[in-house]
Amino acid sequence: MHAGTPPIRDPVRFSLFNCFFPHMIAGPILHHGKIVPQLARGRDAEQRRGDIAIGLTIFVVGLFKKICFADTVEPYASLVFDNADPARIDFAAAWLAAICYALQIYFDFSGYSDMAIGLARLFGVRLPINFNSPYKAGSIVEFWRCWHMTLSQLLRDYLYIPLGGNRHGTARRYANLMITMLLGGLWHGASWTFVAWGGLHGVYLMIDHGWQRLVARFCPRMAEWRAYRAAARTLTLLAVIVAWVFFRAHSFGRASQLIAAMADPGSVAAPVLGWPAIGLAQLFGRWGPAHPGLWWIAILSAVALFAPNTQEIFARYRPALEGPGMTAAPGREWLAPIPRRMRGAAASAALALVLAV
């Protein structure tokens, strides 16, 4: 009521909203005002068939990302984060592990979001968009507009704005940002490493806001330069990858050891539990082309950085509720080659194929 949105007073609708399972494991975070009216809306047979075909296909895409992308790079990250002797981690191994975890969590969360949207669409419900190619972001502010979008909105509406937002000067604004991100990190789990991850992103956001003010004041056309945009995307991605080390590490000690290795390009190469003895000079030399894991990492990186996301591909069919900052590209006709009566069967066959992998 404080935010101006009436609560659910009907116990049946309240129970239905809380038991609507597609969003429960990994989000998106739902507001009853967007979902309850959809649950009460009727559908004819044609709408049901269309929802099943679209929902099942999006679910299969998400499941494919989880099983065939995220799970295949997880062992490379775990070799360093979980099992390796910290003294044997060199520059290349540390960066490869950090990149692998960045890809793992990207495709994990992207896949979960797609699966939730696909499952909900089977029931004729459009969930809010929760993931919008965050690794393409050109700033940390943009990253948080694209990563776990419903969580960002929740933190903004229920923490940042009630704390005062940006209404009380720059110092208060930065303090509110830091408090919000620290609590956002704690939201992910009861560990100080999560708090450190949130605090690091709070620092990133303060630096980003300050930098944007300087650019707007002294060189407003800089954002239009292609080289500037490329450098901004690269720096943002590197900052995000470094922060993921704290999110994934089991302790501050392990995180600091990995960060130290990532900051030391002159470290001596050493074997790391199955990784060949590689250093920075050998990464694209003797061992680079011969190690299939490196090629797979490169392929998945290209998918994350350049490929259209699920919402863009299926934009014509409005798979989800569009959120702030979401501008979907025109979708391609993904069902065109399949006869209308066979679309559900084709999606079911694709699901069986993924489960058999």
Side-chain angles (χ1 to χ4, degrees), residues 23-29 66 70-71 73-89 93-113 116 130-131 134-135 137 140-141 143-144 146-160 162-163 174-208 236-263 272-273:
H23 74 286
M24 288 188 172
I25 296 178
I29 299 170
K66 165 61 179 170
D71 289 354
V73 293
E74 184 275 335
Y76 293 108
S78 296
L79 282 172
V80 173
F81 277 99
D82 295 339
N83 301 316
D85 179 359
R88 302 167 65 194
I89 300 174
W95 270 104
L96 284 169
I99 291 170
C100 285
Y101 181 68
L103 292 171
Q104 177 197 342
I105 195 170
Y106 178 94
F107 287 111
D108 255 338
F109 195 40
S110 177
Y112 286 141
S113 297
N130 203 35
F131 200 85
Y135 287 176
I140 293 296
V141 171
F143 171 83
W144 277 104
C146 301
W147 177 277
H148 209 334
M149 297 163 67
T150 55
L151 174 62
S152 298
Q153 295 165 27
L154 178 74
L155 294 175
R156 180 198 64 195
D157 294 342
Y158 293 96
L159 281 176
Y160 180 69
L163 285 170
Y174 288 169
N176 293 339
L177 275 174
M178 179 57 72
I179 293 171
T180 300
M181 295 311 299
L182 288 172
L183 293 176
L186 192 60
W187 181 88
H188 287 84
S191 171
W192 287 111
T193 54
F194 290 129
V195 177
W197 171 79
L200 190 54
H201 271 278
V203 173
Y204 289 164
L205 287 169
M206 289 190 291
I207 294 173
D208 192 3
T236 298
L237 184 59
L238 290 175
V240 169
I241 291 174
V242 169
W244 283 136
V245 172
F246 289 92
F247 194 90
R248 174 63 174 82
H250 298 301
S251 65
F252 281 112
R254 174 51 63 90
S256 62
Q257 290 164 344
L258 286 171
I259 295 296
M262 293 167 69
V272 182
L273 294 179

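In this chain, numbering begins with 1 at the start of the sequence shown.
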Looking at [atom1] of [X] and [atom2] of [Y], how far apart are the two atoms once the value is rounded to the nearest 0.5 Å?
| X | Y | atom1 | atom2 | result |
| --- | --- | --- | --- | --- |
| Thr150 | Phe131 | OG1 | CZ | 12.0 Å |
| Ser113 | Asp108 | OG | CG | 10.5 Å |
| Ile241 | Tyr106 | CD1 | OH | 12.5 Å |
| Thr236 | Tyr135 | OG1 | OH | 12.5 Å |
| Ile259 | Phe246 | CD1 | CZ | 5.0 Å |
| Glu74 | Leu79 | CD | CG | 9.0 Å |

Please name the pair of heavy atoms, one in [X] and one in [Y], separated by the smallest distance, quoted to 0.1 Å.
| X | Y | value |
| --- | --- | --- |
| Ile140 | Ala239 | CD1-CB, 4.4 Å |
| Pro134 | Phe143 | O-CD1, 3.6 Å |
| Arg254 | Ala249 | CG-CB, 4.3 Å |

Atom CH2 of Trp187 with >12 non-hydrogen neighbours under 6.0 angstrom: yes
Can you list every pair that meets salt bridge (charged side-chain N to carboxylate O under 4.0 Å, His left out) and has a residue in [range], with sequence neighbours left out?
| range | answer |
| --- | --- |
| residues 183-198 | none |
| residues 240-253 | Asp82-Arg248 |
| residues 191-205 | none |

Contacts of type salt bridge (charged side-chain N to carboxylate O under 4.0 Å, His left out), residue Asp71, not counting sequence neighbours: Lys66
Test salt bridge (charged side-chain N to carboxylate O under 4.0 Å, His left out) applied to Asp208 - qualifying residues, sequence neighbours left out: none
Please name all residues satisfying side chain to side chain donor-acceptor pair (under 3.5 Å) with [X], sequence neighbours left out, ordered by chain then number.
| X | value |
| --- | --- |
| Tyr204 | none |
| Trp144 | His201 |
| Thr180 | none |
| Thr193 | Ser191 |

Min side-chain heavy-atom separation Val245-Phe81 under 4.5 Å: yes
Test log, rule side-chain contact (heavy atoms from CB on, under 4.5 Å), inputs Met178 and Val203: CA-CA 7 Å; Met178 179 57 72; Val203 173; 3.6 Å; yes
Partners meeting side-chain contact (heavy atoms from CB on, under 4.5 Å) with His188 (sequence neighbours left out): Leu151, Phe194, Trp197, Phe247
Partners passing side-chain contact (heavy atoms from CB on, under 4.5 Å) against Leu183 (at least two apart in sequence or in another chain): Leu159, Ile179
Under 3.5 Å, side-chain donor or acceptor atoms of residues 97-104 against the rest of the protein: list the pairs with distances, not counting sequence neighbours.
none

Short side-chain to backbone donor-acceptor contact, Asn176 and Tyr160, under 3.5 Å: no
